[in-house]
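A note on names: the letters A, B, ... follow the listed sequences, proteins ahead of strands, and every chain is numbered from 1.
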Amino acid sequence: MPRQLLGKYLCRRISGRTIRAQITETEAYCGTKDLACHASKGLTPRTKIMFGPPGHAYIYMIYGMYYCFNVVTREEGCPEAVLIRGTKVVSDQWSMTGKNKYSLSSKKPAIDYRPLSTRLNGPGKLCRELKIDKKLSGVDVCKSRELWIEDSQEEIKSSQIKKGKRIGVDYAGKWKNKLWRFLL
DNA sequence: TATACGATCACCT
DNA sequence: GGTGATCGTATAC
């Protein structure tokens, strides 16, 4: 599933405008045994979306300031999800203006003028840019008109996909070495 | 109730 | 290479 999502479009409607961003990087988090997966803590208020039906958005806050967006990939009771780690903009009627406000500290500008390529290439960054937050947690990405995923025309060959270890999960024992990160 | 820390990022040396 | 920002969640008391 993490490989099947590569190349597809992550779509977001903001104020009546639609942004499409091609998914270029994903990671898989697999069930209650995978110590890197939040579901390894069991069914809690936080993880209940992952234990629910597939196709729903599991969105959580990390480090007190960023959100991460995942898609639940397996049937109810089987808590697996794919984290969307990176995207590339395809069509955009909104953030090309470069007027996405952010402020990490008072020193920084209220408007982010950096190119989009550097604003969508990370799980926290793409959520900030696409205004994905906890309010969208649980939405069905097959049905939602706010946040959804579309197939792309292009065929992704397995030779185009690089694999690697997942990022930021050094605490997860042997699970940290699983090659469950995938990049186009 | 209190505390430790994280599926990150930007900035610093 | 390292660190601070900042808060929800899990875990310990």
Side-chain angles (χ1 to χ4, degrees), chain A residues 1-6 10 21 23-52 54 56-74 78-89 95 98-139 141 147 149 161-184:
Chain A
M1 206 55 200
R3 276 164 284 208
Q4 292 158 39
L5 281 168
L6 286 175
L10 175 61
I23 297 169
T24 55
E25 183 178 345
T26 59
E27 276 177 4
Y29 290 87
C30 302
T32 54
K33 294 201 190 100
D34 175 7
L35 292 180
C37 180
H38 294 165
S40 63
K41 307 282 184 189
L43 177 55
T44 68
R46 183 197 198 193
T47 61
K48 72 167 196 269
I49 305 278
M50 248 201 286
F51 281 83
H56 289 246
Y58 168 52
I59 298 162
Y60 63 90
M61 172 163 270
I62 187 69
Y63 299 110
M65 40 173 43
Y66 298 102
Y67 292 96
C68 287
F69 168 65
N70 301 248
V71 182
V72 178
T73 53
R74 293 203 57 189
C78 194
E80 299 193 8
V82 171
L83 170 68
I84 307 303
R85 283 196 65 86
T87 60
K88 240 167 46 175
V89 75
S95 49
K99 288 183 182 152
N100 188 21
K101 283 191 187 171
Y102 84 112
S103 64
L104 291 174
S105 86
S106 53
K107 273 194 272 182
K108 303 200 184 82
I111 298 175
D112 186 351
Y113 289 109
R114 293 170 303 164
L116 274 176
S117 57
T118 67
R119 291 194 248 149
L120 292 166
N121 61 347
K125 288 196 275 185
L126 72 90
C127 285
R128 186 176 66 201
E129 189 66 28
L130 299 176
K131 302 203 185 302
I132 294 171
D133 63 21
K134 206 86 194 290
K135 291 195 290 291
L136 288 163
S137 193
V139 307
V141 300
L147 177 66
I149 289 172
I161 300 176
K162 283 188 208 169
K163 312 189 246 198
K165 293 180 186 178
R166 292 177 292 179
I167 303 295
V169 295
D170 285 350
Y171 60 86
K174 65 174 182 178
W175 297 91
K176 77 177 183 193
N177 294 319
K178 297 279 181 191
L179 300 176
W180 285 349
R181 178 186 183 210
F182 303 93
L183 307 98
L184 271 189

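- In this entry the distance linking CE of A:M61 with P of C:dA5 reads 16 Å, nearest Å.
- Nucleotide B:dA7 holds its P atom 18 Å from the CZ atom of A:F69, rounded to whole Å.
- Residue A:K165 is out of contact with every strand shown, counting any heavy-atom pair closer than 4.0 Å.
- Following rounding to the nearest Å, A:K41 (NZ) and B:dA4 (C1') show an atom-to-atom distance of 11 Å.
- Between the NE2 atom of A:H56 and the CG atom of A:N70 there is a distance of 14.0 Å, given to the nearest 0.5 Å.
- Minimum heavy-atom separation, A:K131 to A:L136: O-CD1, 3.9 Å.
- Put simply, CE on A:M50 is 10 Å from P on B:dA7, counting in whole angstrom units.
- Looking at A:T47, its side chain never comes within 3.5 Å of a backbone N or O of A:A39 through a donor-acceptor pair.
- Without hydrogens or angle criteria, A:R166 side chain to A:K178 main chain gives no donor-acceptor distance under 3.5 Å.
- Rounded to an integer number of Å, the gap from CG of A:L120 to P of B:dC9 is 11 Å.
- The residue A:R166 sits apart from the nucleic acid: no heavy atom pair falls under 4.0 Å.
- Atom-to-atom, CZ of A:R46 to C1' of C:dT11 comes out at 13 Å; the value is rounded to the nearest Å.
- Looking at the side chain of A:Y66, the nearest of the listed nucleotides C:dA10, B:dA7, B:dT8 is B:dT8.
- Taking atom C1' on both nucleotides, C:dG1 is separated from B:dA7 by 22 Å, rounded to a whole Å.
- Judged by distance alone, the side chain of A:K125 and the main-chain N or O of A:T118 form a donor-acceptor pair under 3.5 Å.
- Across A:A28 and A:P2, no two heavy atoms sit closer than the pair CB-CG, 3.8 Å.
- Ion pairing between A:E27 and A:R85 holds under the 4.0 Å rule for side-chain N and carboxylate O.
- A:R128 has no side-chain polar atom (N or O) that falls below the 4.0 Å cut-off from OP1 or OP2 of B:dT8.
- Taking only side-chain atoms of A:M65, from C-beta outward, the nucleotide of B:dA10, C:dA5, B:dT8 with the closest atom is C:dA5.
- Base engagement by A:G64 is indicated by at least one non-hydrogen atom pair under 4.0 Å involving a base atom.
- The stretch residues 169-184 of chain A has no heavy atom under 4.0 Å from DNA chain C, so no residue of it qualifies as close.
- The side chain of A:H38 contributes no N or O atom lying less than 4.0 Å from OP1 or OP2 of C:dT9.
- Side chain A:Y60 to base B:dA7: a donor-acceptor pair is found below 3.5 Å.
- In this structure, A:T44 reaches the C:dA10 phosphate: one of its side-chain N or O atoms is under 4.0 Å from OP1 or OP2.
- Note that CD1 of A:I23 and CZ of A:F69 are 7.0 Å apart. Values are rounded to the nearest 0.5 Å.
- Look at NZ on A:K134: it is 8 Å from C1' on C:dG8, rounded to the nearest Å.
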DNA chain C in dot-bracket form (Watson-Crick or G-U pairs under 3.5 Å, [ ] crossing, | inter-strand) is |||||.||||||.
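- Atoms CD and CG, from A:E25 and A:L184 in turn, are 10.0 Å apart once rounded to the nearest 0.5 Å.
- Distances were taken from every side-chain heavy atom of A:P123 (C-beta onward) to each of C:dA10, C:dG8, B:dC9; the shortest belongs to B:dC9.
- Minimum heavy-atom separation, A:L35 to A:Y171: O-CE1, 3.5 Å.
- Put simply, OH on A:Y67 is 14 Å from P on C:dT6, counting in whole angstrom units.
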